[in-house]
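Below, all heavy atoms of this structure are taken into account, side chains as well, without hydrogens, waters or symmetry copies.
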Amino acid sequence: KATVSVLNCVGLHWIKAPIPQMTTTLPAGRPRPFGIERWFAEYEFTLRHHLSCSDCETVPMGRLVQWMEEDAECKAMWEGLQMGYTESLGLPALREAVRRKYRATARKNMAVAAGPASPYKDGFEVMTCVPLEGIVITMNALLDPGDCVIAMEPCYQVLSEMARARGCTVMPWEARYCAETGLFRFHAEDFTALVEAAAAAGGGGTLKMAVVNTPHNPSGHDLFSTDGGVMDVVASQCAAGGVTLFSDEMYAAILDDFEGAVEETVLHSNVARPKTVVLSGLSKPQGLPGLRSGWLLVSDPVQFDLIAQQKDYASICGVAPGEVLSLIALRREGCLVRPNQARVAANLALFKAFCDEFGGRYFTTPCTTAPACTLFVALGSTALARFGTTHHFTEALAKRFGVGVLPGEVMWTAEPCDGAPARAQAVRIGLGREDFADALDACRKALQTLDQEEEPMAGPQP
């Protein structure tokens with residue numbers, strides 16, 4: 001059994017505990033505690049300052065209602081709303097708004113796709129869902145015990161955990177840390193090596209699904225960027241092998257251009273590629289996580305029906321008021337996202353200056369200008385020498401100074417592969433909030449206090 005440990009949770013109490021080796025098939029069963037959500041359960045509403053929120057500045061409901069006054073169709077829906085069950089696949093007008101958003105991208109992807117074309121007119125069909133629900137029902141519908149799944153590491157835990165709980169072999173596609181840039185990035189050749197390893201395993205199970213998240217949480221890596229052409233390699237290898245591509249694109253709107261007509265805009269999306277399931281929604285760049293509004297875009301009719309059947313065991317249908325509010329939000333998506341695009345860019349500049357202010361001793365300076373809602377930031381030499389792990393460092397920030405910084409341990413869900421280099425100790429930084437500068441100032445004061453203290457903190461060292 002591997003001896004490397006990560007943070008696990010028991011209730012709201014954090015302990016150091018080994019996690020199972022995820023490169024082997026484990027018995028199907030319940031998912032392990034959700035590390036990141038257990039951390040936020042303890043700290044999200046108790047700390048005054050947060051530097052790790054992945055969603056952008058949230059929107060008051062009054063703004064959506066105000067926009068509704070200017071949209072006769074939505075206003076009529078709202079005023080005539082009956083609080084009964086809604087259609088299982090989602091409000092028809094909302095589904096059509098989602099189709100309009102993705103049509104141009106679907107046409108582009110179908111034109112270059114190597115696999116069989118989707119029989120759907122637009123190349124995909126739409127189902128609305130709660131975002132996390134979309135992950136769970138897709139994996140319950142499409143995965144069987146013994147299947148192989150490639151999943152990114154680090155990650156939002158459910159993206160790998162549901163496959164593990166289904167009894168699948170989860171093969172971690174690990175981000176590499178570059179000390180020169182201070183960035184975590186995924187490489188196409190590493191993905192290819194995993195595909196080849198799955199094929200060579202023979203009796204170890206069939207490679208059934210590849211799970212990607214772009215832009216990636218927590219690293220911010222856009223797999224569609226021209227640097228490396230990572231997404232093209234992943235998509236082509238999945239199509240060639242008949243592997244389902246599950247593409248989590250919850251953060252993708254931060255990259256969108258809202259200047260042109262919606263139906264003519266090409267997005268950073270895998271929609272309508274062969275055997276592809278795209279997840280997106282309104283929680284992150286749009287600043288509407290409280291709506292719990294998302295959608296699945298499925299290119300294969302058989303897979304669509306299987307997923308729809310699993311939704312019957314989850315939410316069954318959407319929340320009636322939420323669907324109408326989601327429709328008005330999607331119709332005004334540019335008004336929601338554009339301010340957050342500017343906010344992310346400004347906060348990234350503030351954070352880089354903050355890192356430089358301390359000479360990279362606590363947080364290494366990320367060398368990037370790319371827009372992203374989150375960054376995975378390696379700890380600097382002083383933080384490592386004094387605290388040893390991100391857990392001890394972030395616990396001190398939270399308990400002593402009321403500053404919330406998410407420890408990277410909760411986003412690594414698998415043991416490192418044999419012979420792999422030691423993982424860099426890192427934290428997640430969220431760049432989309434209006435109060436980011438205030439939180440950064442609170443963190444600055446905390447680090448200045450630590451600098452004035454002569455004695456090192458007590459606690460285990462790595």
Side-chain angles (χ1 to χ4, degrees), residues 56 59 63-64 67-68 70-78 87 89-113 117-129 131 134 214-215 222-225 231-232 235 245 247-274 276-288 291 293-301 304 318 322-341 371:
C56 292
V59 177
R63 187 177 306 171
L64 300 182
W67 286 338
M68 198 177 299
E70 304 168 13
D71 188 314
E73 182 185 11
C74 286
K75 184 177 181 181
M77 288 182 184
W78 186 257
E87 294 192 33
L89 297 181
L91 181 70
L94 177 57
R95 295 172 66 206
E96 179 55 29
V98 173
R99 285 192 189 91
R100 289 184 66 237
K101 174 181 171 70
Y102 288 92
R103 274 195 182 113
T105 310
R107 287 196 298 268
K108 169 184 171 291
N109 287 344
M110 287 190 292
V112 299
S118 171
Y120 289 125
K121 174 185 175 183
D122 293 315
F124 64 96
E125 187 53 277
V126 182
M127 176 192 315
T128 63
C129 59
T214 181
D222 171 21
L223 301 185
F224 286 96
S225 66
M231 197 67 252
D232 287 341
L245 177 61
S247 186
D248 178 348
E249 301 172 8
M250 289 297 297
Y251 297 88
I254 201 68
L255 304 171
D256 289 353
D257 178 3
F258 293 96
E259 298 304 320
V262 172
E263 59 271 15
E264 298 174 0
T265 301
V266 175
L267 311 172
H268 290 233
S269 176
N270 284 304
V271 63
R273 293 185 188 269
T276 292
V277 180
V278 168
L279 169 72
S280 196
L282 297 172
S283 295
K284 302 301 183 181
Q286 301 86 350
L288 293 168
L291 270 185
S293 179
W295 49 81
L296 293 171
L297 314 176
V298 187
S299 61
D300 183 272
F304 184 86
E323 290 192 318
V324 180
L325 293 172
S326 297
L327 177 58
I328 191 64
L330 196 54
R331 288 179 174 178
R332 297 293 188 106
E333 189 177 17
C335 298
L336 294 168
V337 177
R338 276 193 294 262
N340 286 328
Q341 290 173 328

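In terms of heavy-atom proximity, Ala272 sits nearest to Asp122 at CB-O, 4.5 Å. In this structure, Leu288 and Ala329 approach most closely via the heavy-atom pair CD1-CB, 3.5 Å. When all heavy atoms are compared, the tightest approach of Pro285 to Tyr251 is CG-O, 3.6 Å. The minimum heavy-atom distance linking Cys129 with Gly134 is given by the pair SG-CA, 3.8 Å. Scanning both residues, Pro215 and Leu255, for their nearest heavy atoms gives CG-CD1, 3.6 Å. Looking at every heavy atom in both residues, Gly287 comes nearest to Asn340 through N-ND2, 4.4 Å.
Taken to the nearest 0.5 Å, the CD atom of Glu87 stands 11.0 Å off from the CG atom of Leu94. To the nearest 0.5 Å, atoms NZ (Lys108) and CZ (Arg273) are separated by 6.5 Å. Taken to the nearest 0.5 Å, the CG atom of Asn270 stands 3.5 Å off from the CZ atom of Phe224. Distance CG/Leu325 to SG/Cys74: 9.0 Å, rounded to 0.5 Å. Distance check: Ser118 OG to Met110 CE gives 7.0 Å after rounding to the nearest 0.5 Å. Taken from CD1 in Ile328 to CD in Glu333, the straight-line distance is 12.5 Å, to the nearest 0.5 Å.
For the side chain to side chain contact (heavy atoms under 4.5 Å, CB included) with Glu70, the lone residue among Arg332, Arg331, Lys75 that qualifies is Arg332.
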Would Met77 and Leu91 count as a side-chain contact (heavy atoms from CB on, under 4.5 Å) here? Give the steps. CA-CA 11 Å; Met77 288 182 184; Leu91 181 70; 4.2 Å; yes

Residue pair Asn109, Phe124: steps toward the side-chain contact (heavy atoms from CB on, under 4.5 Å) verdict: CA-CA 11 Å; Asn109 287 344; Phe124 64 96; over 6 Å; no

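Residues Pro371 and Gln341 are not in side-chain contact: their nearest non-hydrogen atoms beyond the backbone lie 4.5 Å or more apart. Residues Trp78 and Leu64 have side chains not in contact (no heavy-atom distance under 4.5 Å, counting atoms from C-beta outward). Inter-residue side-chain proximity for Leu245 and Met231 is flagged as met; some heavy-atom pair is nearer than 4.5 Å. Side-chain contact between Thr128 and Ser293 is absent, with no heavy-atom pair separated by less than 4.5 Å.
For the pair Thr276 (side chain) and Pro274 (backbone), a donor-acceptor distance under 3.5 Å is present. In this structure, the side chain of Gln286 engages the main chain of Gly281 through a donor-acceptor pair within 3.5 Å. Arg95 contributes a side-chain N or O that, together with a main-chain N or O of Val126, makes up a donor-acceptor pair within less than 3.5 Å. For Thr214 (side chain) and Leu223 (main-chain N/O), a donor-acceptor pair under 3.5 Å exists by modelled atom type.
Ser269 pairs by the side chain to side chain donor-acceptor pair (under 3.5 Å) definition with Glu249, not counting sequence neighbours.
Among residues at least two apart or in separate chains, salt bridge (charged side-chain N to carboxylate O under 4.0 Å, His left out) pairs with a member in residues 255-265 are Arg100-Glu263, Lys101-Asp256.
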